[in-house]
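Model, not experiment: these values are computed from the prediction.
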Amino acid sequence: GINAEYGIQQLFVTCEMLRSVCRAMRPAQVVPRRMLNVHEYQCQQIMSQHGINVPRGLPAKTPAEAREAAESLGGSNLVIKAQILAGGRGLGSFDSGLQGGVHLVDTAEETEALAKQMLGHTLVTKQTGPQGRPVGTVFISERYKVAREMYFAIMLDRSAGGPVLIASPKGGVNIEDVAEQTPQYLFKEPVDPTDGPTAEQRTRLADGLCLETNASDATKAELAAEIGRLWTLFHKTDASMLEINPLAELDNGNILCLDAKVGFDDNAEFRQKDIFAMRDLTQEDEREVAAAKWDLNYIGLEGNIGCLVNGAGLAMATMDIIQYCGGAPANFLDVGGGATRDQVREAIKLLDSDPHVEAILINIFGGIAKCDLIANGVLDAAKEIGLKKPLVVRLEGTNVDEAKEIFAKSTLDLSIATADNLLEAAQKAVKAVAK
């Protein structure tokens with residue numbers, strides 16, 4: 001019932017109070033975010049700098065550059081790949097009518113013609129959603145004769161308490177299918193995050209990659225060495241994820257990382273400036289980019305109730321209760337335990353600019369972030385943008401009475417409904433969008 005829901009709400013409030021204290025004890029510039037992803041061609045550049053074997057290739061941002069790149073790579077036996085931060089490119093489609101974001105080419109003229117149909121156009125794949133992603137760069141690389149394809153990755157595993165190295169002789173396919181259907185072909189080695197994999201671990205993984213093959217000792221030794229180089233890259237660049245699929249053995253016995261995905265910890269931006277300079281904002285949600293400028297943690301969703309909350313746990317609880325009441329949250333937006341008046345103003349402006357948002361629910365537990373500061377930030381935004389969307393406000397904690405008085409004395413033409421607890425606030429928000 002309502003009492004049970006209210007009890008759950010108070011538990012989240014208590015947790016958020018502790019989280020706010022912890023945040024206050026950290027350096028102000030440390031803001032948790034998601035990892036940075038870079039394009040395939042950028043991954044290849046970073047890997048090459050660490051001595052890892054990658055295909056010869058060149059990026060191009062215009063059709064003319066694509067032609068020049070093809071000519072410098074010999075003009076034939078090449079591949080042109082559209083660069084977007086999403087998978088499924090090979091089976092995707094462009095708004096230009098071109099089918100597939102990966103094509104084999106044998107002349108510079110063919111490369112230029114395909115680049116014209118890729119660059120400046122939108123590529124839709126199974127991972128992008130119907131809106132697709134814009135293509136601003138293509139990557140032209142050499143083709144190779146591949147004898148077999150393998151899989152290698154380094155992931156952070158909560159259960160292992162650190163990095164785990166994953167290898168499989170079954171590469172070039174969906175690794176989740178391998179794990180589900182043929183788990184005997186999947187090999188894992190948890191490693192010490194400081195020391196990295198031992199020689200014995202690298203050897204075991206190399207043996208796993210050569211399972212049921214007649215690979216030579218030299219090939220196994222090269223695989224073990226490549227695993228060591230990949231670990232060095234992962235460790236020195238503050239990566240949070242590295243995936244090579246496929247890791248290829250060529251017909252001449254050489255080992256090559258044909259395709260790679262690498263993600264980097266956002267908290268390491270201060271010491272990985274060259275890597276973070278590669279960030280492609282055109283591949284990111286404009287709302288998330290705008291939020292990041294104000295150190296707001298924002299993730300866009302598909303509902304119609306905008307949420308402004310302080311604290312990730314309380315934000316999650318708010319979204320859950322909105323759904324419990326029959327509504328759908330439009331976003332995850334955590335302004336943080338130490339939110340400023342300016343941050344709140346920008347958060348409200350961000351929510352109001354979203355055409356899918358029909359009502360805004362503000363759920364604040366005032367600890368370090370005082371409720372009157374939140375109220376003033378909301379009114380600043382409302383005055384600046386002429387806010388017309390209905391607001392549901394639930395405030396609790398430091399200076400809550402002052403905040404309520406600020407709202408009560410406001411002369412702005414606002415539709416504001418107040419609530420004494422989170423359940424009531426969610427119910428009012430759902431009712432507001434149902435009108």
Side-chain angles (χ1 to χ4, degrees), residues 13 16 20 23-24 28-29 31 33 285-301 303-312 314-315 318-319 322 329-420 422 425-426 428-429 432-433:
V13 165
E16 283 309 297
S20 296
R23 285 194 186 98
Q29 70 274 21
V31 179
R33 300 178 193 160
D285 188 316
E286 293 180 357
R287 299 167 299 178
E288 295 180 20
V289 173
K293 292 178 180 178
W294 290 91
D295 288 338
L296 302 171
N297 296 314
Y298 178 96
I299 300 173
L301 302 173
N304 57 1
I305 298 176
C307 304
L308 191 160
V309 190
N310 66 326
L314 194 59
T318 302
M319 292 190 296
I322 287 173
N331 63 276
F332 169 100
L333 199 167
D334 169 19
V335 297
T340 67
R341 180 170 176 169
D342 288 342
Q343 284 178 309
V344 174
R345 181 192 69 239
E346 294 303 317
I348 290 291
K349 289 167 61 178
L350 180 64
L351 294 178
D352 183 66
S353 68
D354 188 338
H356 300 293
V357 171
E358 298 176 15
I360 299 173
L361 192 161
I362 300 173
N363 182 28
I364 298 294
F365 179 79
I368 298 171
K370 299 178 177 62
C371 291
D372 57 334
L373 177 150
I374 302 294
N376 282 318
V378 171
L379 295 181
D380 287 347
K383 183 177 181 180
E384 182 176 337
I385 62 179
L387 182 67
K388 298 300 181 184
K389 296 178 180 179
L391 292 175
V392 178
V393 180
R394 180 263 178 183
L395 300 173
E396 195 64 70
T398 306
N399 293 353
V400 63
D401 292 334
E402 290 89 336
K404 291 179 179 179
E405 185 176 354
I406 288 170
F407 279 126
K409 291 183 176 180
S410 172
T411 58
L412 295 175
D413 182 18
L414 294 175
S415 171
I416 300 179
T418 60
D420 293 327
L422 179 52
K428 288 184 175 182
V433 299

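Annotation for Glu384: atom CD counts as buried by contact number, over 12 foreign heavy atoms lying within 6.0 Å. Within a 6.0 Å radius of NZ in Lys428, more than 12 heavy atoms belonging to other residues, nucleotides or ligands are found.
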One pair to check against side chain to side chain contact (heavy atoms under 4.5 Å, CB included): Lys404 and Thr418. What are the steps and the verdict?
CA-CA 9 Å; Lys404 291 179 179 179; Thr418 60; 6.0 Å; no

Before giving the answer on side chain to side chain contact (heavy atoms under 4.5 Å, CB included), spell out for Phe407 and Ile416 the whole-Å C-alpha distance, their side-chain angles and the decisive distance to 0.1 Å.
CA-CA 8 Å; Phe407 279 126; Ile416 300 179; 3.7 Å; yes

Please determine whether side chain to side chain contact (heavy atoms under 4.5 Å, CB included) holds for the pair Leu361 and Ile322, giving the CA-CA distance in whole Å, both sets of side-chain angles, and the decisive distance to 0.1 Å.
CA-CA 9 Å; Leu361 192 161; Ile322 287 173; 4.2 Å; yes

Side chain to side chain contact (heavy atoms under 4.5 Å, CB included) between Cys307 and Leu333, worked out:
CA-CA 6 Å; Cys307 304; Leu333 199 167; 5.6 Å; no

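Between the CG atom in Asn363 and the CG atom in Leu314 there is a gap of 4.5 Å [rounded to 0.5 Å]. Taken to the nearest 0.5 Å, the OG1 atom of Thr318 stands 9.0 Å off from the CD1 atom of Ile364. Once rounded to the nearest 0.5 Å, the distance linking CD1 of Ile348 with CD1 of Ile385 reads 7.5 Å. Annotation: the span from Leu414 atom CG to Leu387 atom CG amounts to 6.0 Å, rounded to 0.5 Å.
Taking all atoms of both residues into account, the shortest heavy-atom contact from Val392 to Ala425 is CG1-O, 3.5 Å. Minimum heavy-atom separation, Arg345 to Ala381: O-CB, 3.4 Å. Closest heavy-atom contact between Gly311 and Asp334: N-OD1, 2.6 Å. Residues Lys389 and Asp354 approach most closely at NZ-O, 2.9 Å, considering heavy atoms. Here the closest non-hydrogen pair linking Ile374 and Ile362 is CG2-CG2, 4.4 Å. Of all non-hydrogen atoms in Tyr298 and Ala330, the two that sit nearest each other are OH-O, 4.5 Å.
At a threshold of 4.5 Å between non-hydrogen side-chain atoms, the residues Leu301 and Met319 count as touching. Counting heavy atoms from C-beta on, the side chains of Asp380 and Asp342 never come closer than 4.5 Å. The side-chain heavy atoms of Arg341 and Leu373, taken from C-beta on, include a pair separated by under 4.5 Å.
Of the options Val400, Asp420, Asp372, a side chain to side chain contact (heavy atoms under 4.5 Å, CB included) to Leu395 is made by Val400 and by none of the others.
A donor-acceptor pair under 3.5 Å is absent between the side-chain atoms of Asn310 and the main chain of Val335, judged by distance alone. Under a 3.5 Å cut-off, the side chain of Gln343 and the backbone N or O of Trp294 do form a donor-acceptor pair.
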